[in-house]
J.: 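One structure follows; several queries about it will come next.
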Amino acid sequence: MNDFEKSLAGYIGAENLERIQGVKIGIGGAGGLGSNCAFNLVRSGFKHFVIVDFDKIEYSNLNRQFYFSEQVGQAKVLALKDNLLKINPDLEVEAIVERVSSDNISRFFDDSDVIVEAFDEVKSKKLIVEQYVNSDKFLVSASGLAGWGNTDQIQTKRFNDKFYIVGDFITEINDDNPPLSPRVNIVAAKQADLILEAVLEGRI
């Protein structure tokens with residue numbers, strides 16, 4: 001147990017930390033949702049990750065995603081791995097620079113206990129939800145997080161014991177409702193908190 005983990009165990013207890021560290025998290029998408037959900041999970045003690053995204057960091061990402069200006073041009077998943085390791089240097093992060101498709105999704109996520117849907121594209125969101133909604137995986141998704149204000153409208157909908165969606169279910173990204181850090185981060189944090197709660201309650 002490194003110094004970060006010892007300190008965290010002081011808050012949540014060694015037994016809870018051991019339970020958390022026994023869970024593997026699969027994250028589809030390393031943008032605003034995926035990168036911020038990931039750092040919340042790491043700070044909560046999760047240690048085993050597979051993160052999949054094909055995209056590279058642009059300056060337009062820095063307003064809401066867990067990246068820094070010197071990382072512009074890098075593959076998101078590789079930069080995210082570096083950033084997460086600065087929180088806990090003993091993480092096990094499999095960073096995969098690929099686009100998720102129906103042909104490879106099982107290879108990426110079938111051995112994960114938890115799946116975080118963090119895609120921008122509706123097609124990719126639908127793919128991951130349809131793949132795992134009836135599985136034994138704990139699945140968290142998102143819908144409606146753009147713009148600013150009205151944060152009390154961001155809700156969690158429970159569809160069954162294993163599937164949750166976070167968002168306001170209305171506000172999609174467009175010219176009038178850009179993706180901005182506060183609401184994106186709230187949704188990402190709520191996704192992470194759902195996972196943490198389920199683990200500590202013994203539901204994962």
Side-chain angles (χ1 to χ4, degrees), residues 25-44 46 49-87 91 93 95-100 105 108-109 112 114-129 139-157 164-196:
I25 309 285
I27 302 178
L33 285 176
S35 66
N36 290 305
C37 185
F39 87 69
N40 276 291
L41 290 169
V42 169
R43 293 187 193 278
S44 300
F46 291 91
F49 295 86
V50 54
I51 308 172
V52 187
D53 196 308
F54 68 93
D55 208 0
K56 293 183 179 181
I57 301 164
E58 301 177 4
Y59 280 104
S60 61
N61 302 143
L62 300 184
N63 77 315
R64 66 195 184 279
Q65 301 182 16
F66 184 44
Y67 302 110
F68 304 95
S69 58
E70 66 268 20
Q71 295 175 315
V72 168
Q74 296 180 25
K76 286 184 177 180
V77 290
L78 301 181
L80 181 57
K81 179 178 180 177
D82 288 343
N83 294 344
L84 297 175
L85 286 168
K86 291 178 181 177
I87 303 170
L91 297 177
V93 180
I96 301 173
V97 186
E98 286 192 49
R99 184 188 291 271
V100 176
I105 189 170
F108 296 149
F109 299 124
S112 295
V114 173
I115 310 291
V116 178
E117 182 280 300
F119 291 121
D120 294 328
E121 298 176 349
V122 173
K123 179 181 178 181
S124 298
K125 285 177 173 290
K126 184 178 179 183
L127 172 65
I128 201 166
V129 169
L139 174 63
V140 292
S141 184
S143 176
L145 48 81
W148 57 85
N150 299 314
T151 55
D152 288 343
Q153 294 180 359
I154 295 173
Q155 308 170 39
T156 299
K157 287 191 178 181
Y164 295 77
I165 300 181
V166 181
D168 67 14
F169 304 89
I170 298 170
T171 315
E172 299 302 330
I173 296 169
N174 55 44
D175 290 343
D176 295 324
N177 294 291
L180 297 173
S181 187
R183 283 174 61 95
V184 171
N185 271 277
I186 288 169
V187 173
K190 287 175 77 73
Q191 286 183 312
D193 192 54
L194 282 168
I195 296 164
L196 179 61

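Nothing fancy with the numbering, it's 1 onward along the sequence.
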J.: To the nearest 0.5 Å, what is the distance between OG1 (T171) and CD1 (I154)?
T.: 8.5 Å

J.: Look at the side chain of N185 and the backbone N and O of S181, then say whether any donor-acceptor pair between them is shorter than 3.5 Å.
T.: yes

J.: With side chains defined as the heavy atoms from C-beta onward, is the minimum distance between F108 and I128 less than 4.5 Å?
T.: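 No. Closest side-chain heavy atoms not under 4.5 Å.
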
J.: Taking only residues two or more places apart in sequence or in another chain, which ones pass salt bridge (Lys or Arg N to Asp or Glu O under 4.0 Å) with K190?
T.: none

J.: Can any side-chain N or O of N150 pair as donor or acceptor with the backbone N or O of Q153 at less than 3.5 Å?
T.: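 Checking the backbone N and O of Q153 against the side chain of N150, no donor-acceptor pair under 3.5 Å is found.
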
J.: Test side-chain hydrogen bond (donor to acceptor under 3.5 Å, both in side chains) on Q71 and N83; report intermediate values, then the result.
T.: CA-CA 10 Å; Q71 295 175 315; N83 294 344; 2.9 Å; yes

J.: Please report the shortest heavy-atom distance between E117 and L33, naming the atom on each side.
T.: O-CD1, 4.4 Å

J.: Contact between V140 and V166 at the side-chain level, heavy atoms closer than 4.5 Å - yes or no?
T.: no

J.: Rounded to the nearest 0.5 Å, how far does CG of L145 lie from CD of Q191?
T.: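 CG of L145 is found 8.5 Å from CD of Q191.
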
J.: Should we say atom CG of D120 is surrounded by more than 12 heavy atoms from elsewhere, each under 6.0 Å from it?
T.: no

J.: Under 4.5 Å between any side-chain heavy atoms of I96 and V77, yes or no?
T.: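 No, their side chains stay 4.5 Å or more apart.
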
J.: For residues A192 and C37, report the shortest heavy-atom separation together with the two atoms involved.
T.: N-SG, 3.9 Å

J.: Which atoms form the tightest heavy-atom contact between N177 and E172, and what is the distance?
T.: CB-O, 3.8 Å

J.: Does any part of the side chain of K81, heavy atoms only, come nearer than 4.5 Å to the side chain of I51, both counted from C-beta?
T.: no

J.: Hey, does the side chain of R183 reach the backbone of A146 with a donor-acceptor pair shorter than 3.5 angstrom?
T.: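 Side chain of R183 to backbone of A146: a pair is present.
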
J.: Of all the heavy-atom pairs spanning N36 and A188, show the shortest one and how long it is.
T.: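 Here N36 and A188 meet closest at CB-CB, 3.7 Å.
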
J.: Can you check whether S124 reaches V100 side chain to side chain, under 4.5 Å on heavy atoms?
T.: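 Not touching, per the 4.5 Å side-chain cut-off.
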
J.: With rounding to the nearest 0.5 Å, note down the distance linking NZ in K76 to NZ in K56.
T.: 12.5 Å

J.: Could you grab the distance from atom OG of S143 to atom CD1 of I170, nearest 0.5 Å is fine?
T.: 9.5 Å

J.: What distance do F68 atom CZ and L62 atom CG have between them, rounded to the nearest 0.5 Å?
T.: 9.5 Å

J.: Would you name the heavy atoms of A30 and Y67 that are closest together and state the gap between them?
T.: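 Distance-wise, the nearest heavy atoms are O-OH, 2.6 Å.
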
J.: Are any side-chain N or O atoms of K125 and backbone N or O atoms of F119, one a donor and one an acceptor, separated by less than 3.5 Å?
T.: yes

J.: Between I115 and S112, what is the shortest heavy-atom contact and its length?
T.: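 Closest approach of I115 to S112, heavy atoms only: CD1-CB, 3.9 Å.
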
J.: Is the shortest side-chain heavy-atom distance between E58 and N61 below 4.5 Å?
T.: yes

J.: Can you tell if the side chain of L41 reaches within under 4.5 Å of the side chain of F49, non-hydrogen atoms only?
T.: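 L41 vs F49: side chains touch.
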
J.: Quick one: pull up CG in L91 and NZ in K86 and give me the separation to the nearest 0.5 Å.
T.: 13.0 Å

J.: Are any of the side-chain heavy atoms of F46 and L196 separated by less than 4.5 Å?
T.: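 Result yes, sub-4.5 Å side-chain heavy-atom pair found.
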
